[in-house]
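Here is the structure we will look at, set down as structure tokens.
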Amino acid sequence: MLFAVNLQVLYAGVKKDSTSKTEAKKMRVVTSIVPLSFFVKQIGGEHVDVTVMVPPGANPHTYDPTPGQMTALGDAGMFVKAGSGIEFELDWMKKFTALNPHMVVCDASRDYRSRTMQGHGGDHVHEKIDPHFWLSPQNGILIANNIERCLATLDPQHKIEYAENRRMLEVKLGELSVEITQKLEGMKNRAFMVFHPAWGYFADEFNLKQIAAEKEGKELTPKTMQQVIGQAKKYDIKVVFVSPTFSSLQAETIAREIGGVIQPVDPLSGDYIDNLRQAAEAFVASMQ
Amino acid sequence: MNHEIVTLNDVSVSIGGTKILEKLSLKVFEKEFFGIVGPNGGGKTTLLRVILGLQKPTAGKVKVFGRDPAISRKRIGYVPQRLFFDRDFPITVSETVLMGRISSRGLFRGYGNEDKVMARHALETVGMAGLEKRQVGGLSGGELQRLLIARALVGQPELLLLDEPTASIDPEMKTSIYDLLDSLVKSMTIIMVTHDTGAISQHVSRVACLNCRLGMHEHGSITKEELSGMYHYPVDIVKHKGED
Amino acid sequence: MNHEIVTLNDVSVSIGGTKILEKLSLKVFEKEFFGIVGPNGGGKTTLLRVILGLQKPTAGKVKVFGRDPAISRKRIGYVPQRLFFDRDFPITVSETVLMGRISSRGLFRGYGNEDKVMARHALETVGMAGLEKRQVGGLSGGELQRLLIARALVGQPELLLLDEPTASIDPEMKTSIYDLLDSLVKSMTIIMVTHDTGAISQHVSRVACLNCRLGMHEHGSITKEELSGMYHYPVDIVKHKGED
Amino acid sequence: MIEIFRYEFMQNAVLAALLASLACGIIGSYVVVRKIGFISGGIAHAAFGGIGIGYYLGINPLLGLIPFSLFSALGIGLLSKKTKVAEDTAIGAFWAAGMAVGVLFIGLSPGYVPNLFSYLFGSILTVPRSDLLMIAGLDLFIVLVVFACYKEFLAISFDEEYAEASGVPTMLLYLLQLCLIALTVVVLVRVVGIVMVIALLTIPPAIARYFSRNLLVMMVLSSFFCAFFTLSGLWMSYIFDVASGAMIILTAAVTFMIVAAGKKLSGNN
Amino acid sequence: MIEIFRYEFMQNAVLAALLASLACGIIGSYVVVRKIGFISGGIAHAAFGGIGIGYYLGINPLLGLIPFSLFSALGIGLLSKKTKVAEDTAIGAFWAAGMAVGVLFIGLSPGYVPNLFSYLFGSILTVPRSDLLMIAGLDLFIVLVVFACYKEFLAISFDEEYAEASGVPTMLLYLLQLCLIALTVVVLVRVVGIVMVIALLTIPPAIARYFSRNLLVMMVLSSFFCAFFTLSGLWMSYIFDVASGAMIILTAAVTFMIVAAGKKLSGNN
Ligand SMILES: Nc1ncnc2c1ncn2[C@@H]1O[C@H](COP(=O)(O)OP(=O)(O)OP(=O)(O)O)[C@@H](O)[C@H]1O
Ligand SMILES: Nc1ncnc2c1ncn2[C@@H]1O[C@H](COP(=O)(O)OP(=O)(O)OP(=O)(O)O)[C@@H](O)[C@H]1O
Ligand SMILES: [Mg+2]
Ligand SMILES: [Mg+2]
Ligand SMILES: [Zn+2]
């Protein structure tokens, strides 16, 4: 539950515009989470019409698609999934594909190099693949490639346009990567603490150390709490990053204990590039 | 002894479409021992509930102590015919009797020592001394009935409404309860619903018969001395004991 | 008439530490009209529940029709003293009476036409014809009691257990119920708990007094003709009507 | 409007609504007259413990769902009857204990654990064809059992002691009744989600009760109400493009309040 | 072991456990004897509707929490008394309707929406000092009101009609009682989470009932049991390194089952 909880979406993206008849010529694409829709929009441009499935504040307790979303799904030619094991997809993909068997499912994470989840450095032997692969510029390029390929296969007519769009996006992402690397240059303290370990790929790309409070998405035990606090003190951490709309009670408790503060960083923003830039700035500020 | 304690004026009650009481008028005076008889389903319990204000009449006026029943409630003691309660509810006999003192105490005030003495005394009166700590859910039928009587007495009401108080009470206790009522009526007004024809003839000063079909009188020991013209069809008033 | 229908042998019952019945022995024979009297809390209801197997005795043996009470249940009709039920429960009078036929029907079989005729007849017998469609929660005290009697009768039991069947029943119906019981006892065995001393002397063939304190006999009309030596202290058996 | 039925999901949703209504109407009537509205939540959350254990043991968690919910139903029944605890307390205890067991076993399971809660939540718009068959089967089973034991269920619900004294195997039938409830809850929870099950087992029978005081009629009426609410809720959720489940529940709740208020005002007591 | 108490979160957890136990013991006893174990879930989820509306209107959702839960309590009370619906049905209706309203308003709100459900999941390890003050205040308020109205609350819970006939303002007191329950539920849900509230309002009073059949003693005993379960659960969750809430509930549930079984075996009926 703790994981699916932080899949947030721009609700506006779901609204009616995606279902109205006049845009019938456009290809209907449904994505599971918001960041993926950013890529589809960028690459598909005017030829696609994107709908996001996950409603705001999605929680299986309340997740309940509207008929509008479902018709979008029914009309969709393509579904872009993260494919990295995010819970929402584990829970609902089967139902979605069962309801629209003709829909092409595009795996945005094809060929990516997965990393395993690092908890807070505890003694766990069993590790699981970290699903938050979209949160690094390099993986962003990979996603762009995957989506371009899917769109091109399904709609060869606009193939060239898609390739061009992808190339432009790639450039931007490359610039972003360089920009962030520069910002981080010369930093001695390279550890930041997040509550939910979503920023592992980001940390890997920029040679940072992500310390996660939450262990495998499970409720914190007193011992875990003790260890996390110990680690925060060891790395002299004063900021605990949280997803902006996630219950921050546990993070607040840790922050109180270390005399620090909590600060939101958004792993699911639709404004992909700016969001990564802002996150990087926030991490940098916290490590100074 | 001419104060009107209870005055009903053309009172009608219907529940869910069926008429239970129709245009009933009735006066009960101070320090009367007023009996109500009538066949099962005649509306006796309903009549008592009207006097208590628990049942709103569909038409007509009810005055108790010259005022609205809801206002006069604190001055009334009531023995219901049946208690609908949860057998598992954790409450003892003495706590239940103390409920009878609730109208004498305001909010913020627990029951005092005086209340407890009175409760013990009331329990003794109905022969329940020694059962104070028992759970109400475990009482026998007769024990529960005695408890209800004690609860009504302990509040020292000015008007006592009894709905078949001696049903399932053993003969010995029955006699002493009637003796008690005879002595109480010197200081309060009593209205009693009963099917106990013996008690009617021995203890009650006036009787109203609710919805009596003719057959009823043959068996009962009620002698129909006087049928008061002031009451409409379904109520017969029969006077007893030559009083008044 | 010498079949033992109910046999209790040194039966003791205690609930939550208090002894209710102690070493009670009792025999009731075929086609007897057996009365049980005794003060409130004497254990009469408990005794009936023991015979029905609803209350397990702490010690001693119980046989009904020569077998375990739980097995013989289907042959017994029972009028409980009180019904603990939910007033809001949606059930009508006729549905409740039909419950009395449940032991005659197996699973997978609804009530038949025959059952319905018998139910209507039983309701007529207790003067409840016309109230078939009424909700049980809305019945008056006496109407409910009549319903319980009808429910016990409709199953045509071989043994009828009545726990104060005439409490809160009006005098007219009371008489006709006793008349009915008098005719029924020709074909079945009846055990009746009652505080109605008049009924004891007129209708019952043998009486057991449970936990009687001495005072009891003075008021009641029971003449203590014979005290059977075979019963231990708390039970007195008094014979009536010169039968047997 | 008609166009929407081109979509399989909508056809399935309508069929699911109709099939679920039958089970909800029948079982909901028992739930309401027994005053155990709590039980749907209780059984669903108690079953969560089974899912957690199943996951920990490496069994398909869904396999544990039905047996564990039946086990919870039996546990609730035995706890409340054998040790004289009120049903609602027994349900609350199982509710909490089931959740706790689930959370603990998830904690003990190595690695990142999927959201087991999601096994308990569904949406009427995503019901696959196979699930329709499952509800149809459940409907059939419920109708058969209730048909066979109608008079016994009525007797034990109203006056258990008399039923016992008449030789009816009350304990057995009571447990059977709880198991029927449990089955309905798990199956419908999978299909339409826990919130809708709580609502559909409570509101339609409560409304039906205003119109009939006969249990059988209540069952029929509340099945109809249930179907009406789900269908009109679906329709409105299409019109306003809002979440279907929420709209269905809201339709039911608003109707309930209106009927209750209307009966209160028109009634003469 | 002692070292863990250096941490403020553990000190707060222990204090929260002790303070919550008082409220849970007193209010839980009423909940259990009235057989409305359902109500904690009902009010919490009904209040969720308030959060949704608050969010939609741009008010701090938490501000809507207490008024909306009080409003739900009053609604449940009025619905059940005025229109003669069983309490559990009224609770179920509000439960579902509240959730539905919440979901709908979240859907209507433009832009990002926080996961409002997280308001229902607190953890005893995350209680800030300020919340301790809030529970202490609640405790004080509850103790005062219950002290003032103890005999009235007893009377209306046991025999409402007689209380009415004695001139006690039963409706008012009943609503007051529901409001106390609602306050307890919202405050404790914030602090320890919905699942623990369901458990703590049900299990300790149910155990206490085995030992005393006096409501006041039940309240005292269940406060003690509650404190014992929370503290020993906390301790065990530290020792075994498992989730605290789940461990507390499990301690309580297991104790309950043992006591129930023990009473059953030793009891003579
Ligand atoms: N479940 C119980 N728990 C505790 N005590 C009980 C329980 N059931 C019965 N008793 C006690 O056992 C005694 C006998 O009860 P029983 O109902 O058999 O009396 P009874 O002879 O039928 O009395 P009555 O004439 O008042 O109906 C009573 O004192 C009663 O309080
Ligand atoms: N809530 C109700 N709903 C429907 N009918 C009711 C309700 N309350 C009372 N009645 C009916 O009203 C009639 C009068 O009832 P009431 O209880 O006043 O009779 P009663 O004279 O006290 O009878 P009894 O001697 O049997 O106690 C009965 O036929 C009863 O069925
Ligand atoms: Mg009456
Ligand atoms: Mg008795
Ligand atoms: Zn995540």
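Everything numeric in this text was worked out from a predicted model, so none of it was measured.
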Proximity breakdown for E:Val168 and chain B, heavy-atom pairs closer than 4.5 Å: side chain
Would you please classify the geometry between the E:Phe158 ring and the B:Phe89 ring as parallel, tilted or perpendicular, with 30° and 60° separating the classes? tilted
What residue, out of E:Glu160, E:Arg34, E:Glu152, has the most heavy-atom pairs lying under 4.5 Å from chain B? E:Glu152
For B:Met99 versus E:Ala155, what's the shortest heavy-atom pair and its separation? CE-CB, 3.8 Å
Which heavy atom of B:Ser103 sits nearest a heavy atom of E:Ser166, and at what distance? CB-O, 3.2 Å
Residue pairs involving residues 86-103 of chain B (criterion salt bridge (charged side-chain N to carboxylate O under 4.0 Å, His left out); sequence neighbours excluded): B:Asp86-E:Lys35, B:Asp88-E:Lys35, B:Arg101-B:Asp115
Interface moiety of B:Thr96 toward chain E, non-hydrogen atoms closer than 4.5 Å: side chain
What option among E:Ala165, E:Gly167, E:Ala163 has the most heavy-atom pairs under 4.5 Å with chain B? E:Ala165
Among the options B:Arg105, B:Arg151, B:Lys74, pick out the one with the most heavy-atom pairs lying under 4.5 Å from chain E. B:Arg151
Segment of E:Leu144 engaging chain B (4.5 angstrom heavy-atom cut-off): neither
Engaged part of E:Ser29 at the chain B interface, taking heavy atoms whose separation is under 4.5 Å: neither
Between OH of E:Tyr162 and OH of B:Tyr78, what distance do you get to the nearest 0.5 Å? 10.5 Å
Please check: side-chain N/O of E:Glu164 versus main-chain N/O of B:Leu54, any donor-acceptor pairing under 3.5 Å? no
